[in-house]
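Start at 1 with the first residue, then count along the sequence. Everything numeric in this text was worked out from a predicted model, so none of it was measured. Below, all heavy atoms of this structure are taken into account, side chains as well, without hydrogens, waters or symmetry copies.
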Amino acid sequence: MSAMDSYDVIVVGAGHAGCEAAHAASRMGLETCLLTLHLETIAQMSCNPAVGGLAKGHLVREIDSLGGIMGLLADHTGIQFRLLNKSRGGAVQAPRAQSDKALYRLTMKSWLEKAPHLHIFQGIATEILHQGNKAQGIKTLEGNILKAKIIILAPGTFLNGLIHMGLNSYSAGRANEPPAKKLGENLKALGLKTLRLKTGTPMRLHKDSIDWDQFTPQGGDSHPVPFSFRTQHKLQNKVNCFIGHTNSRTHEVIQKHLDQSPLFSGKIKGIGIRYCPSIEDKVVKFAHHNRHQFFLEPEGLDTAEIYVNGISSSLPLPVQRKILDAIPGLKEAKILRPAYGIEYDAVAPLQLKPTLETQAVENLFLAGQINGTSGYEEAAAQGLMAGINAALKVKKKKPFILGRNEAYIGVLIDDLITKGVEEPYRLFTSRAEFRLHLRIDNADKRLTPYGYKLGLFPEKDYQSFCQKKEKLEKVFTILRKEKMTLKNKAPVTLKDLLKRPDFRFKNVLEYRKFDEPLGHEDIRHIESEIKYEGYLKKQRKEIAKSKKIDRVRIPTGTDFKKIPGLSKEVVEKLERTSPKTLGEAKKISGVTPAAIENIHMDIKLKKKRSRNVPRGTLNHHE
């Protein structure tokens, strides 16, 4: 690569967000440069060696359905697979996989190296080059100038990163890796407001130093559920994870050494993750609990490292040692990597458009933890959407924006740009109003047509999707038409039988065989569609109502200052943007659903008043 090169898109950062962004943009035919600090850390699992979980598994299915790569990669490198909430309804079931950490990283690197139109380059970004308010390229620490039409920033925790271990701290974006200080200051100079957030990671232990008899094994599922609809090979469970618990002695150690915690001494200023707190935070906030659960998770097949999920900490190493000494089975455990906390800068996401482009700087997109999120899956989803919209902007096409009713990806981005964040954001199924509609079993049905149209979804995979769709439609037709007679009862359709709580599809198969084979995923989809049918009809009406509201026109000359309940900030944004419809107003970052409801009520009230004016009444000017 020469000292000056030009691209359609430059993606800065090769974490989970950056990899999906670069893959999407290059897949859509754009000359794309992926700029990374180290080629060896592409797709590094900085924290736990796992993909998926509640709501996160939904995101991975959606990424896959649009043509992204996280799901395929998780299936390819998984060493244990579990479907969470198996005993509950299909809407809250979600896959989770333990991954081989090194294989995940190496496989992603290999896939990206083979991707057409994608150029990988090692370097440290220090400055966004711009003319006026338009981004035009990147300057690196080494002095290279890389020009591009679009810049996507996905730096993870590297912006002004500061690692804490006890009362000692040092600048880093990840353990022993330099932070992006100059880039962080450059973003502030461009007018972007930042906030300080905090996360952490637990210690890693040597597997041969653990007394495994003290812990409860947790195996994978007998029929592993893949993340990707495109995965053809049979998944295999190759390891067990193990469940353990802290105890009163552990908690005593932590309480005794809180004065050495940067979290409680006031040294850490950033706001931590509410739903994944450090062990010292758990002990203080939940003092009434005499124990806390943790998991011992293998980091791969060819490594001795065990990840202690649930005991992240920023206490000093000697205290971490004492914590382990107080847990039966870990007294002799050797620490390979100590736990630490990290503070970093994030950009307040209210400054983003729904496409993830910044409002202040045109052609500059942000994705991942820089937008205040936590988790690989949230990052990858943003990266995919940023990559898609960057490509569409270069091609001068309409942006691609998913609604809250279409995908968890839509919920995630809408939450970020309309509500903002005060702490690292984590997605939950409860955040989605239409979660019965947003299931893992129908993600392809919802999103694959979009992925195919965008050019992300391969032709052969799309044809397989169409065949599957046709097969399932035939099954639903049979279930609606064919009847079965139970003992001393009137005939009832197979569909109505399947609606019963105690009736499963396996019972249908005892009565009726189908021409084409139906896999576990097909059956999960059929059962969910039928058992949720009444609720889904109600949700579809709500979705239709929402779309109808989006089309409501805002009268020309509306004085937003006179609408009750609108904040000064919302009024300023509405006046600056002048949306023509409620749907357009909804897409303005910082304009909340409550604000949209207030505007809608005001429009309806004025219409009602105008209808109540007697015919023939003249105004004063007439």
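Heavy atoms of other residues, nucleotides or ligands lying less than 6.0 angstrom from CG of D259 number more than 12. Environment of NZ in K282: crowded, with over 12 heavy atoms of neighbouring residues, nucleotides or ligands closer than 6.0 Å. Around the CD atom of Q131, the shell of radius 6.0 Å holds no more than 12 heavy atoms that belong to other residues, nucleotides or ligands. The environment of K267 atom NZ is dense: over 12 non-hydrogen atoms of other residues, nucleotides or ligands sit within 6.0 angstrom. Other residues, nucleotides and ligands contribute at most 12 non-hydrogen atoms within 6.0 Å of the NZ atom of K181. Under a cut-off of 6.0 angstrom, the local environment of CD in E422 is sparse, with at most 12 non-hydrogen atoms contributed by other residues, nucleotides or ligands.
In summary, K188 and E185 engage in a salt bridge, as defined by a charged side-chain N under 4.0 Å from a carboxylate O. For the pair D5 and K147, the salt-bridge criterion is not met [side-chain N within less than 4.0 Å of a carboxylate O]. E357 and K393 are joined by a salt bridge, as a carboxylate oxygen and a charged side-chain nitrogen come within less than 4.0 angstrom of each other. The pair E433-R404 counts as a salt bridge, with a side-chain nitrogen and a carboxylate oxygen less than 4.0 angstrom apart. The pair R82-E297 does not count as a salt bridge, with every side-chain nitrogen at least 4.0 angstrom from each carboxylate oxygen.
Of all heavy-atom pairs between L356 and L352, the closest is O-CD2, 3.9 Å. Between S228 and G71, the shortest heavy-atom contact is CB-C, 3.9 Å. Shown here for S261 and S314, the closest heavy-atom pair between the two residues is OG-OG, 4.4 Å. Contact record, G53 with A94: O-CB, 3.2 Å, taken as the closest heavy-atom pair. In plain terms, the two heavy atoms of L197 and A346 that are nearest each other are CD1-CB, 3.8 Å. The minimum heavy-atom distance linking A154 with A17 is given by the pair CB-CB, 3.9 Å.
For the atom pair T199 OG1 and E423 CD, the distance stands at 12.0 Å (nearest 0.5 Å). Here S169 contributes atom OG and I163 contributes atom CD1; the two are 10.0 Å apart, rounded to the nearest 0.5 Å. Atom OH of Y425 sits about 12.0 Å away from atom CG of N371, to the nearest 0.5 Å. Interatomic distance, I152 CD1 to L35 CG, rounded to the nearest 0.5 Å: 12.5 Å. Here the straight-line distance linking atom CD of Q369 with atom CZ of F158 works out to 10.0 Å at 0.5 Å rounding. For the atom pair CG of L103 and CG of L73, the computed distance is 8.0 Å after rounding to the nearest 0.5 Å.
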Requested in this report: Kindly indicate, with the supporting measurements, whether the criterion side chain to side chain contact (heavy atoms under 4.5 Å, CB included) is fulfilled by Q136 and H130.
Outcome: CA-CA 5 Å; Q136 293 188 322; H130 62 98; 5.6 Å; no
Report task. Show your reasoning for whether side chain to side chain contact (heavy atoms under 4.5 Å, CB included) applies to S46 and T201. Result -> CA-CA 8 Å; S46 306; T201 191; over 6 Å; no
Requested in this report: Evaluate side chain to side chain contact (heavy atoms under 4.5 Å, CB included) for R196 paired with D345, printing each intermediate quantity in order.
Outcome: CA-CA 5 Å; R196 199 75 173 150; D345 285 348; 2.9 Å; yes
Report task. Decide side chain to side chain contact (heavy atoms under 4.5 Å, CB included) for I120 and I42; before the verdict, give the C-alpha distance in whole Å, the side-chain angles of both, and the deciding distance to 0.1 Å. Result -> CA-CA 10 Å; I120 302 173; I42 288 174; 4.1 Å; yes
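Between the side chain of E20 and the main chain of G68, no donor-acceptor pair closer than 3.5 Å is present. Between the side chain of R61 and the backbone N or O of I440 there is at least one donor-acceptor pair closer than 3.5 Å. Between the side chain of Q98 and the backbone N or O of C241 there is no donor-acceptor pair closer than 3.5 Å. The main-chain N or O of N48 is found under 3.5 Å from a side-chain atom of Y376 such that the two form a donor-acceptor pair. Distance alone, capped at 3.5 Å, is enough to place a donor-acceptor pair between the D75 side chain and the F227 backbone. Formation of a donor-acceptor pair under 3.5 Å by the T194 side chain with backbone atoms of V347 is not found in this model. No side-chain donor-acceptor contact under 3.5 Å links K109 to the backbone of L39.
Ring orientation note: the planes of F286 and H292 are nearly perpendicular, at an angle over 60° on the 30°/60° scale.
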